[in-house]
Amino acid sequence: MNGAGRSWAEGHSCDGRVVPVYAVTGGRTRSTERDLPIESIVTATDRGSYDLEPEYRTIVRMAVRPVTPVGVARVLVGDLAASGHLAVHGAPSTADGNPTPEILTRLLEGLRAR
């Protein structure tokens, strides 16, 4: 398989060239400024994305509607939140601080859909 048609989040760029995940994140497994809980929801802000690397621009375009960052994307999304390109919205939680059953159900459905 040559990787064509796979997304950059799977370790390939949109044009089919192989990009190791560690190259996209600079070897980081966490954002330098903001660690995002898995249940986070993010949306694009009105800050322009013209000055961003292609991977970051893709995330901002995807976040025109609310999205949840997963995997290596969480590192990049954390960077974008720290730079003001994305707004992070906390998921609703129960009185004891845990995610609501609705959030867990949506998360599970999203993971199954992939």
Any side-chain heavy-atom pair of T68 and V42 under 4.5 Å: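 No, every pair of side-chain atoms sits at 4.5 Å or beyond.
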
Does some side-chain heavy atom of T43 sit less than 4.5 Å from a side-chain heavy atom of L86?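 Side-chain contact under 4.5 Å: no.
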
Kindly determine whether E55 and I59 satisfy side chain to side chain contact (heavy atoms under 4.5 Å, CB included), including the steps that lead there. CA-CA 7 Å; E55 295 83 8; I59 292 171; 5.7 Å; no

Heavy-atom pair with the smallest gap, counting every atom of V88 and A81: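 What the structure gives for the nearest pair is CG2-CB, 3.6 Å.
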
Determine whether a donor-acceptor pair (N or O, by modelled atom type, separation under 3.5 Å) exists between the side chain of T45 and the backbone of G84.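 Checking the backbone N and O of G84 against the side chain of T45, a donor-acceptor pair under 3.5 Å is found.
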
Report, as yes or no, whether the 6.0 Å neighbourhood of atom CZ on R57 holds more than 12 heavy atoms from other residues, nucleotides or ligands. yes

Can you tell me how far the [atom1] atom of [X] sits from the [atom2] atom of [Y], to the nearest 0.5 Å?
X	Y	atom1	atom2	result
L80	L52	CG	CG	6.0 Å
D79	E53	CG	CD	11.5 Å
E102	T94	CD	OG1	10.5 Å

Side-chain H-bond candidate by donor/acceptor type, S49 with H85, under 3.5 Å: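 Side chains of S49 and H85: no pair found under 3.5 Å.
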
Can you sort out the partners of A82 under side-chain contact (heavy atoms from CB on, under 4.5 Å), two or more places apart, ordered by chain and number? E33

